[in-house]
Amino acid sequence: QVQLVESGGGLVQAGGSLRLSCAASGRTFSSNGMGWFRQAPGKQRELVAVIVSGGLTITASSVKGRFTISRDNVKNMVYLQMNGLKPEDTAVYYCATGSHGLGQRPGDYDYWGQGTQVTVSS
């Protein structure tokens with residue numbers, strides 16, 4: 001069993017920044033991919049960014065140039081730095097991990113956090 005706990009969400013004005021953190025515990029593996037997904041009301045869960053232990057990343061086109069994913073394999077932490085936030089970024093953000101490398105779909109991941117709400121006001 002792997003436990004994932006997100007933190008850092010909140011309310012921010014458009015153009016502002018937030019840094020999300022995800023702490024992993026339990027039976028974790030540094031070789032597993034770790035990613036961020038988000039889900040807005042009425043929409044499917046979608047990829048934000050994913051990273052593997054070697055540092056390779058995939059970032060959704062909607063957030064490229066604004067969001068950056070990073071990983072600390074020693075601490076079993078993953079981060080999402082969110083800059084230039086827009087109202088359309090409003091969603092629940094989820095941390096996930098799995099053994100499928102740079103997986104881009106929710107089904108590629110085995111464990112999920114509870115989610116943290118990010119709300120961007122105009």
Problem - Aromatic Tyr79 / basic Arg19 pairing, under 6.0 angstrom, 45° off normal - result: yes
Handout entry: Exam field: side chain Thr68 to backbone Gln81, donor-acceptor pair closer than 3.5 Å
Key = no
Problem - Flag side-chain contact, heavy atom, 4.5 Å: Ser70 against Val78 - result: no
Problem - Val118 side chain reached by Thr90 side chain, heavy atoms, under 4.5 Å - result: no
Problem - Nearest-0.5 Å distance that lies between atom CG in Asp72 and atom OG in Ser53 - result: 12.0 Å
Handout entry: Any Val63 side-chain heavy atom under 4.5 Å of Val48 side chain
Key = yes
Handout entry: Sub-4.5 Å side-chain heavy-atom contact between Val50 and Trp36
Key = no
Handout entry: Atom pair CG/OG of Leu20 and Ser7 - distance to nearest 0.5 Å
Key = 8.0 Å
Handout entry: Residues forming a side-chain contact (heavy atoms from CB on, under 4.5 Å) with Arg105, sequence neighbours excluded
Key = Asp108
Practice task
Kindly compute the distance separating OG1 (Thr97) from CE (Met34), expressed to the nearest 0.5 Å.
Solution key: 5.0 Å
Practice task
Work out which heavy atom in Gly84 is nearest to a heavy atom in Ser17; give both atom names and the distance.
Solution key: N-OG, 4.3 Å
Problem - Val2 vs Asp110 side-chain heavy atoms within contact, under 4.5 Å - result: no
Exercise for the section: Quick one: pull up OG in Ser62 and CG in Leu47 and give me the separation to the nearest 0.5 Å. Expected result: 8.5 Å
Problem - Any Leu56 side-chain heavy atom under 4.5 Å of Leu102 side chain - result: yes
Handout entry: Polar side-chain atom of Glu6 near backbone of Gln114 as donor-acceptor pair, under 3.5 Å
Key = yes
Problem - Cation-pi geometry met for Arg45 and Tyr94 (6.0 Å, 45°) - result: yes
Handout entry: CD-CD distance between Glu46 and Gln44, expressed to the nearest 0.5 angstrom
Key = 9.5 Å
Exercise for the section: Quick one: list whatever passes side-chain contact (heavy atoms from CB on, under 4.5 Å) with Lys86, sequence neighbours left out. Expected result: Arg66, Glu88, Asp89
Practice task
Would you please indicate if the ring centroids of Trp112 and Phe37 are separated by under 6.0 Å?
Solution key: yes
Problem - Leu11 CG to Gln117 CD distance, which is reported to the nearest 0.5 Å - result: 9.5 Å
Exercise for the section: Take Leu4 and Tyr109 through the side-chain contact (heavy atoms from CB on, under 4.5 Å) test and state the conclusion after the steps. Expected result: CA-CA 12 Å; Leu4 301 172; Tyr109 294 83; over 6 Å; no
Handout entry: Hydrophobic cluster identity match, Leu85 and Ile69, side-chain contacts under 4.5 Å
Key = yes
Practice task
Test Met77 against Ser21 for side-chain contact (heavy atoms from CB on, under 4.5 Å), laying out the working first.
Solution key: CA-CA 7 Å; Met77 298 282 291; Ser21 299; 4.1 Å; yes
Fill in the blank from the handout: Heavy-atom nearest pair, Ala91 first then Ala40, reads CB-N, 3.9 Å
Practice task
Please name the pair of heavy atoms, one in Gly115 and one in Val92, separated by the smallest distance, quoted to 0.1 Å.
Solution key: CA-CG1, 3.8 Å
Practice task
Find out whether Thr119 and Val12 are in side-chain contact, i.e. whether some heavy atom of one side chain is under 4.5 Å from a heavy atom of the other.
Solution key: no
